[in-house]
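Keep in mind that what you see is a predicted model, and the values were worked out from it rather than measured. Counting begins at 1 with the first residue of the sequence.
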Amino acid sequence: MLLFKADHKSFSIDELEKLRQDEEEFYKKHKHCVLVQTCNRIEIYFDDLQYQYMKECKKGLNNDQYIAKLIEEFKNFEIIRGKESIIHFLNVACGIESMVVGEDQILGQIKKSLQSSKEKGKCTKYLELVFLKGIHVGQRVRAETKINEGSVSIGSAALELVEKNFGLENKNILLIGAGEMGTLVAKTLAEKNIKAVIISNRTYERAERLAKELKGIAINFDKLKEAINYSDVIICATASPHTILHKKDLEDIQNSRSLGAKIIVDIANPRDVEESVSELESITLYTIDNLREVSDTNLKKRMEEMPKVHNIITQEYEVLLKNLEKLDIEEILKDLNNYLEEIRVKEVNKAIKLVKNNPQKAEEIFKNFSKSLTKKISHDYVNYSCNTSKDKLINSIWWKNEQ
């Protein structure tokens, strides 16, 4: 398998955006592949087995030339081939390559990517086998380990803290900031049973786009005071270099705790909320320092699960290799049998025609037929060997004889 990858570990968000592929155009141009794209990764998996390209090589290119062309096209990506590409994919499916270690969303994204490739007729048996195994391994890891337990991102830790101490069900949530951090929080909020989500950002259009995606409400920045009064939980996640919420702006919120106190969670760095806001009786303020402690504790617990995860991946990889080897042999035998059948039909038809014209020489004709057939098989077998590895051919003959 040939993999071209770009992810958050080696590329910035801007760089990833430039490398992002238009799915429709990509699949129009390429065959034998699966495209996986998420917020933090772009990965293109090609089935680079030679017999795939022997059938449908483009512009007269042989397999090596075709692979070289792909490498040139995706030269800005990292390249991984063979065993390493398969192991990398299994790691991705388990969430250990994600920005948030152990996150679950990647499994759904992999399933969707596989389905898309199959619907467009671009997925091979080889790729499908690898992807189905990855999905199985990801599910097994999450069932048998605690790799996905506890929030480890600051945004998800914020929601975990609020949900645990105050609850989120039927709450009105105000999200201030629609940048990267705000978007991550918003997507997590979408999975909660909240009453309403209000999004505010200095650039209103950005808030509007995010609100539309989440079926929420976008407001202008100058309407923050009204929105705060309406909200139960306020999450601040802007990229502002200065504080945006001050004690004097919030002093008129006089609701007692029993009538509905306000929860403010400041996950911005630098902080969005003036520290003295915590002195207000009707407001509970959590800062990024509180959340980092929760996040670090949960991350440590997840990392402790890594040996179990790698053990499962190793076990399943060995099973996958055996299945891939069997599939490889089956495909080679299929192609070889097709070669032999073409030769047989051609030579039989030639022999029948000769016998009809010279029935008295039937014995001689059939002797020549058998010699010609053997010679033809030998000749085409040698040509076929040039495009198929010697070990695979030997193994294919052995496997066929064992059946």
Side-chain angles (χ1 to χ4, degrees), residues 1-5 7 21 23-38 41-58 63 66-67 70 74 77 79-98 104-143 312-338 388-389 392 395-396 399:
M1 189 162 71
L2 174 63
L3 165 63
F4 298 96
K5 83 177 186 77
D7 59 26
Q21 305 290 304
E23 187 174 288
E24 291 299 323
E25 292 301 317
F26 172 83
Y27 280 123
K28 283 180 183 178
K29 186 176 182 181
H30 296 290
K31 298 182 179 183
H32 316 308
C33 54
V34 180
L35 172 65
V36 179
Q37 293 190 120
T38 71
R41 74 177 60 254
I42 303 158
E43 299 194 345
I44 308 168
Y45 294 86
F46 281 95
D47 180 349
D48 64 343
L49 293 179
Q50 290 189 6
Y51 56 76
Q52 296 292 351
Y53 296 100
M54 290 305 299
K55 299 174 183 176
E56 300 181 64
C57 58
K58 298 183 176 182
N63 186 66
Y66 187 81
I67 296 299
L70 289 177
F74 299 108
F77 287 72
I79 303 173
I80 305 178
R81 294 190 75 169
K83 172 183 176 181
E84 288 74 18
S85 66
I86 297 176
I87 292 176
H88 170 81
F89 175 69
L90 298 181
N91 289 339
V92 168
C94 292
I96 60 178
E97 292 288 330
S98 298
D104 295 329
Q105 288 184 338
I106 188 63
L107 265 184
Q109 292 160 336
I110 286 173
K111 291 177 184 177
K112 184 178 178 181
S113 298
L114 174 61
Q115 186 62 31
S116 182
S117 176
K118 289 176 66 177
E119 288 174 355
K120 291 176 173 60
K122 305 298 183 174
C123 189
T124 65
K125 291 180 181 179
Y126 182 95
L127 286 172
E128 184 175 12
L129 191 59
V130 172
F131 268 66
L132 289 177
K133 173 58 72 174
I135 293 168
H136 168 71
V137 175
Q139 292 170 335
R140 183 183 167 192
V141 160
R142 287 165 177 83
I312 291 173
I313 290 174
T314 300
Q315 293 173 14
E316 294 289 351
Y317 174 73
E318 295 301 323
V319 174
L320 176 60
L321 274 190
K322 292 178 181 178
N323 291 333
L324 290 176
E325 287 172 2
K326 182 177 179 181
L327 177 63
D328 196 6
I329 291 169
E330 288 173 348
E331 290 292 331
I332 292 172
L333 282 176
K334 181 180 176 181
D335 286 351
L336 185 56
N337 286 333
N338 287 338
T388 310
S389 73
K392 285 182 179 178
N395 287 336
S396 71
W399 187 85

Trainee: Side chains of V137 and Y317, heavy atoms from C-beta outward: is any pair under 4.5 Å?
Mentor: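 Of all side-chain heavy-atom pairs linking Y317 with V137, none is under 4.5 Å.
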Trainee: Quick check against the 3.5 Å criterion: does S117 have a side-chain atom that pairs as donor or acceptor with the backbone of C33?
Mentor: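 Looks like yes, one N/O pair under 3.5 Å.
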Trainee: Which pair of heavy atoms, one from R81 and one from L2, lies closest together, and at what distance?
Mentor: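 Minimum heavy-atom separation between R81 and L2: CG-CD1, 3.3 Å.
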Trainee: Assess whether side-chain contact (heavy atoms from CB on, under 4.5 Å) is satisfied between N91 and I87, documenting all intermediate values.
Mentor: CA-CA 6 Å; N91 289 339; I87 292 176; 3.9 Å; yes
Trainee: Ignoring hydrogens and angles, tell me if any N or O in the side chain of K122 forms a donor-acceptor pair with the backbone of Y27 under 3.5 Å.
Mentor: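 The answer is yes, because a donor-acceptor pair under 3.5 Å joins these two groups.
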Trainee: Taking it one step at a time, do R142 and L107 satisfy side-chain contact (heavy atoms from CB on, under 4.5 Å)?
Mentor: CA-CA 10 Å; R142 287 165 177 83; L107 265 184; 3.7 Å; yes
Trainee: For the residue pair V141 and I96, establish whether any side-chain heavy-atom pair is separated by less than 4.5 Å.
Mentor: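 SC-SC contact between V141 and I96 ruled out.
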Trainee: Are the side chain of S113 and the backbone N or O of Q109 linked by a donor-acceptor pair below 3.5 Å?
Mentor: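 At least one qualifying donor-acceptor pair exists.
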Trainee: Could you go through V36 and V92, starting from their C-alpha distance and side-chain angles, then the distance that decides it, and tell me whether this counts as side-chain contact (heavy atoms from CB on, under 4.5 Å)?
Mentor: CA-CA 11 Å; V36 179; V92 168; 5.9 Å; no
Trainee: Relative to the ring of F77, is the ring of F74 parallel (under 30°), tilted (30 to 60°) or perpendicular (over 60°)?
Mentor: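 F74 vs F77 ring planes: perpendicular.
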Trainee: Take the angle between the ring planes of F4 and F46 and call it parallel below 30°, perpendicular above 60°, tilted in between.
Mentor: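 Perpendicular, since the angle between the ring planes exceeds 60°.
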Trainee: Got a salt bridge between E25 and K28, using NZ or NE/NH1/NH2 to carboxylate O under 4.0 Å?
Mentor: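 So E25 pairs with K28 through a salt bridge.
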Trainee: Go through the steps to decide whether R41 and E97 satisfy the test salt bridge (charged side-chain N to carboxylate O under 4.0 Å, His left out), and finish with yes or no.
Mentor: CA-CA 10 Å; R41 74 177 60 254; E97 292 288 330; 5.3 Å; no
Trainee: Can you tell me if Q37 uses its side chain to pair, donor with acceptor, with the backbone of Q21 under 3.5 Å?
Mentor: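 A pair under 3.5 Å: yes.
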Trainee: Tell me if the CD atom of Q105 is crowded by more than 12 foreign heavy atoms within 6.0 Å.
Mentor: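 Check fails, neighbour count at 12 or below.
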Trainee: Given side chains that start at C-beta, do those of E128 and L132 come closer than 4.5 Å, heavy atoms only?
Mentor: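 Sidechains of L132 and E128: in contact.
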